[in-house]
Asks: 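Before anything else, here's the structure in question.
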Amino acid sequence: MRENPLVLHVLGARPNFVKAAPVVRGLGALGVRQGIVHTGQHYDALMSDVFFADLGLPEPIANLGVGSGSHARQTAALLVGLEEVVLAHRPDLVVVYGDVNSTLAAILVCAKLGVPTAHVEAGLRSFDREMPEEVNRVVTDALADLLLVTSPDGLSHLANEGVPPGKVHLVGNPMIDSLFSALPKLDPEPVRARLGLPERYAVATLHRPGNVDDPASARELVEGVLAVAEQVPIVVPLHPRGRGRLAEAGLVTGGNLSIIDPLGYVEFLSLVRGAALVVTDSGGVQEETTMLGVPCLTVRPNTERPITITHGTNRLVTPATLPAAASKALADGAATPSGELPPLWDGAAGPRIARVIEAWLRGDNLSPASHGTPPTA
Ligand code: UD1
Ligand code: UDP
């Protein structure tokens with residue numbers, strides 16, 4: 001390995017920023033040379049800039065500005081842009097996050113150029129190949145050199161896929177590190193007042209293609225949400241993907257329903273913290289509600305994060321079962337079935353990941369026995 005090796009983080013979409021911040025901080029504390037490459041997959045100020053500010057992320061060393069497009073067009077632009085950046089900077093390791101198209105493109109580019117990679121949030125599986133994210137996860141985990149796993153079920157998925165155990169490390173969940181760091185700033189009152197919400201309210205986020213792209217599915221979903229709005233005021237900070245289709249299907253501000261722009265990280269989590277109920281199809285929000293103890297109804301047929309059901313406040317619903325599930329959740333409040341939160345969701349995943357990466361850069365042979373508990377300095 002070169003002296004003073006370089007680590008590049010490839011980030012493109014909103015959840016990437018949240019997952020990367022603790023890793024960047026952890027590597028910074030160890031004095032590792034690093035830089036962020038922003039692909040520009042998400043580019044609206046409220047989908048990107050606000051996260052750099054709220055999470056204290058350093059300015060990217062490059063922004064590829066790939067923007068939106070079909071899967072093929074977007075991925076093609078990502079491949080071309082990322083290849084140039086990787087060739088120009090010659091990193092010793094590229095770290096990729098989650099399951100978005102920027103992640104997939106980065107892992108492909110690096111595999112072809114022979115540049116080593118680490119995947120943060122390896123091993124999650126919904127076993128639903130109709131979801132673009134599942135395709136991205138499977139390909140990314142097949143090609144990554146270091147697989148950094150956020151929840152124990154990921155270990156068995158990777159073992160079943162034949163990933164050598166020596167590459168795999170259970171490190172905990174850096175998205176939860178970000179949540180813990182933000183916790184002192186999470187005050188529901190100012191945002192509740194700004195949005196004119198009463199004390200008891202629900203928050204919804206919706207953006208999955210399976211829910212919002214097809215007009216018939218969007219209509220069913222909106223009917224379910226409107227039925228919940230008969231029980232409790234709902235605010236929906238709406239992802240740009242769903243905007244047009246959901247509005248056509250009747251998701252418009254009026255009565256108990258308030259449709260707003262996406263919120264910055266701290267404001268959004270403040271709102272979630274004070275909510276009586278969250279309705280979502282987001283991956284990250286399933287995890288954050290588990291940690292905040294807020295009941296969460298996930299409008300999806302499956303989840304790659306079953307630990308938020310077994311160890312958290314999450315329930316899967318369909319648009320048709322949503323209203324009754326909301327009524328029950330509003331009456332019962334949150335309960336975690338196992339009474340235990342997910343292991344290693346303790347706010348220290350970033351430092352753990354940084355230690356695994358630093359040891360790997362030094363060429364230390366990390367044994368799988370070091371999962372979760374790499375030696376502290
Ligand atoms: C992407 C990820 C998804 C993740 C989500 C997080 C893929 C395949 N999907 O979905 O896994 O859950 O990000 O939010 O990578 N748009 C804007 N402004 C922006 C960004 C997007 O208006 O800043 C609109 C565009 O119309 C675009 C659409 O949103 O076509 C979808 O954006 P895209 O990044 O392709 O996928 P997401 O649905 O955001
Ligand atoms: N989030 C936010 N503002 C919003 C909606 C979500 O800051 O208006 C945060 C949320 O707290 C979580 C992340 O964005 O940290 C999740 O992103 P998203 O739901 O877009 O992606 P997913 O997790 O489904 O891939």
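First listed ligand is number 1; within each ligand, the first listed atom is number 1.
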Asks: For E133, which part has a heavy atom under 4.0 Å from ligand 1: side chain, backbone, both, or neither?
Replies: side chain
Asks: Salt bridge check: are E121 and R137 linked by an N-O gap of less than 4.0 Å?
Replies: no
Asks: Within a distance under 4.0 Å of any heavy atom of P240, pick out the atoms of ligand 1 and give their elements.
Replies: 16 (N), 17 (C), 18 (N), 22 (O), 24 (C)
Asks: Measure from atom 39 (O) of ligand 1 to every heavy atom in R241, Q41, H42 and give the option owning the shortest one.
Replies: H42
Asks: Which atom names give the shortest non-hydrogen contact between R315 and I309, and what distance separates them?
Replies: NH1-O, 4.1 Å
Asks: What distance do E220 atom CD and N211 atom CG have between them, rounded to the nearest 0.5 Å?
Replies: 9.5 Å
Asks: In the protein, which heavy atom is nearest to atom 18 (N) of ligand 1, and how far is it?
Replies: D44 OD2, 2.9 Å
Asks: Looking only at protein heavy atoms, which one is nearest to atom 19 (O) of ligand 2, and how far off is it?
Replies: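 Protein heavy atom with the smallest distance to atom 19 (O) of ligand 2: S282 OG, 2.7 Å.
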Asks: Is V279 reachable from M291 through a run of I, L, V, M, F, W or Y residues, each pair having side-chain heavy atoms under 4.5 Å apart?
Replies: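 Result: no, two separate clusters.
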Asks: Check for me whether R208 has a heavy atom closer than 4.0 Å to any atom of ligand 2.
Replies: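 It does, in that a heavy atom of R208 comes within the 4.0 Å cut-off of ligand 2.
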Asks: Considering distance alone, does some N or O of E288 sit under 3.5 Å from an N or O of ligand 2?
Replies: yes
Asks: Have a look at ligand 1 and work out which part of P15, if any, has a heavy atom under 4.0 Å from it: side chain, backbone, both or neither.
Replies: side chain
Asks: Between V266 and V24, is there shared hydrophobic-cluster membership here, with clusters defined by ILVMFWY side-chain heavy atoms closer than 4.5 Å?
Replies: yes
Asks: If we only consider heavy atoms of E267, is any one of them less than 4.0 Å away from an atom in ligand 2?
Replies: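 Outside the 4.0 Å threshold, so no.
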Asks: Looking only at protein heavy atoms, which one is nearest to atom 17 (C) of ligand 1, and what is the separation?
Replies: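 For atom 17 (C) of ligand 1, the nearest protein heavy atom is Y43 OH, 3.3 Å.
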Asks: Does the pair R25/D177 count as a salt bridge with the N-to-O cut at 4.0 Å?
Replies: no
Asks: Measure centre to centre between the rings of H9 and H38, then say whether the value is under 6.0 Å.
Replies: no
Asks: Test N136 against T103 for side-chain hydrogen bond (donor to acceptor under 3.5 Å, both in side chains), laying out the working first.
Replies: CA-CA 7 Å; N136 293 349; T103 308; over 6 Å; no
Asks: Look only at interatomic distance and state if L263 has a nitrogen or oxygen under 3.5 Å from any nitrogen or oxygen of ligand 2.
Replies: yes
Asks: Could you give the distance from CD1 (I353) to NE2 (H169), rounded to the nearest 0.5 Å?
Replies: 11.0 Å
Asks: Could you identify the single nearest non-hydrogen protein atom to atom 2 (C) of ligand 1 and state the distance to 0.1 Å?
Replies: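 Going atom by atom, the protein heavy atom closest to atom 2 (C) of ligand 1 ends up being V100 CG1, 3.7 Å.
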Asks: Indicate, with yes or no, if the rings of Y97 and H119 have centres closer together than 6.0 Å.
Replies: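 Aromatic pair excluded; centres sit 6.0 Å or further apart.
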Asks: Among protein heavy atoms, which sits nearest to atom 17 (O) of ligand 2, and what does the distance come to when rounded to 0.1 Å?
Replies: R14 NE, 3.6 Å
Asks: Please list, in number order, the atoms of ligand 1 under 4.0 Å from a heavy atom of M47.
Replies: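 By the 4.0 Å cutoff, the relevant atoms are 23 (O).
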Asks: Are V18 and L46 connected in a single hydrophobic cluster, I mean Ile/Leu/Val/Met/Phe/Trp/Tyr linked by side-chain heavy atoms less than 4.5 Å apart?
Replies: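 No, L46 does not connect to V18 through the hydrophobic network.
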Asks: Applying a heavy-atom cut-off of 4.0 Å, say which part of F268 lies close to ligand 2: side chain, backbone, both or neither.
Replies: side chain
Asks: Which of the numbered atoms in ligand 1 are below 4.0 angstrom from a heavy atom of H239?
Replies: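 Those atoms are 14 (O), 37 (P), 38 (O), 39 (O).
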Asks: How far is atom 35 (O) of ligand 1 from its nearest protein heavy atom, and which residue and atom is that?
Replies: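 Going by distance alone, atom 35 (O) of ligand 1 is nearest to Q74 NE2, 3.5 Å.
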Asks: Looking at atom 12 (O) of ligand 1, what's its closest protein heavy atom, distance included?
Replies: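 Ranked first by proximity to atom 12 (O) of ligand 1 is H207 NE2, 2.9 Å.
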Asks: So, does M175 sit close enough to ligand 2 that a heavy atom of it is under 4.0 Å from the ligand?
Replies: yes
Asks: Any Lys/Arg nitrogen of E133 or R208 sitting under 4.0 Å from an Asp/Glu carboxylate oxygen of the other?
Replies: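 Yes, this pair counts.
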Asks: Just which atoms of ligand 1 are under 4.0 Å from any heavy atom in H71?
Replies: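 Listed by number with element, the hits are 8 (C).
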Asks: For atom 21 (O) of ligand 2, which protein heavy atom lies nearest, and how many Å away is it?
Replies: P15 CG, 3.4 Å
Asks: Is the closest N or O pair between T205 and ligand 2 shorter than 3.5 Å?
Replies: no
Asks: Flag G283 as yes when one of its N or O atoms lies below 3.5 Å from any N or O atom of ligand 2, and as no otherwise.
Replies: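 Among all N and O atoms of G283, at least one is under 3.5 Å from an N or O of ligand 2.
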Asks: Among the clusters formed by ILVMFWY side chains lying less than 4.5 Å apart, do L104 and V66 turn up in the same one?
Replies: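 Yes, L104 connects to V66 through the hydrophobic network.
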Asks: Can you check whether N101 has an N/O within less than 3.5 Å of an N/O in ligand 1?
Replies: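 N/O-N/O distance under 3.5 Å: yes.
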Asks: Can you tell whether the side chains of R362 and E358 come within less than 4.0 Å, N to carboxylate O?
Replies: yes
Asks: Less than 4.0 Å is my threshold; does some heavy atom of G264 fall inside it relative to ligand 2?
Replies: yes
Asks: Which residue owns the protein heavy atom closest to atom 25 (C) of ligand 1, what's the atom, and how far is it?
Replies: S68 OG, 3.3 Å
Asks: Decide whether an N or O pair under 3.5 Å exists between G284 and ligand 2.
Replies: yes
Asks: Taking all heavy atoms of Y43 and all of S68, pick out the closest pair and write down the distance.
Replies: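 Taking every non-hydrogen atom into account, OH-OG, 2.7 Å.
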Asks: Under a 4.0 angstrom heavy-atom cut-off, which atoms of ligand 2 come close to P237?
Replies: 8 (O)
Asks: What atoms of ligand 1 come within less than 4.0 Å of a heavy atom belonging to R208?
Replies: 11 (O), 12 (O)
Asks: Taking non-hydrogen atoms only, is D281 closer than 4.0 angstrom to ligand 2 via side chain, backbone, both or neither?
Replies: neither
Asks: Hey, does the side chain of E287 reach the backbone of T308 with a donor-acceptor pair shorter than 3.5 angstrom?
Replies: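 A pair under 3.5 Å: no.
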Asks: Does R243 have a heavy atom less than 4.0 Å from any atom of ligand 1?
Replies: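 For ligand 1, residue contact (heavy atoms, under 4.0 Å) with R243 is absent.
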Asks: Can a salt bridge be assigned to the pair D99 and R125 using a cut-off of 4.0 Å between side-chain N and carboxylate O?
Replies: no
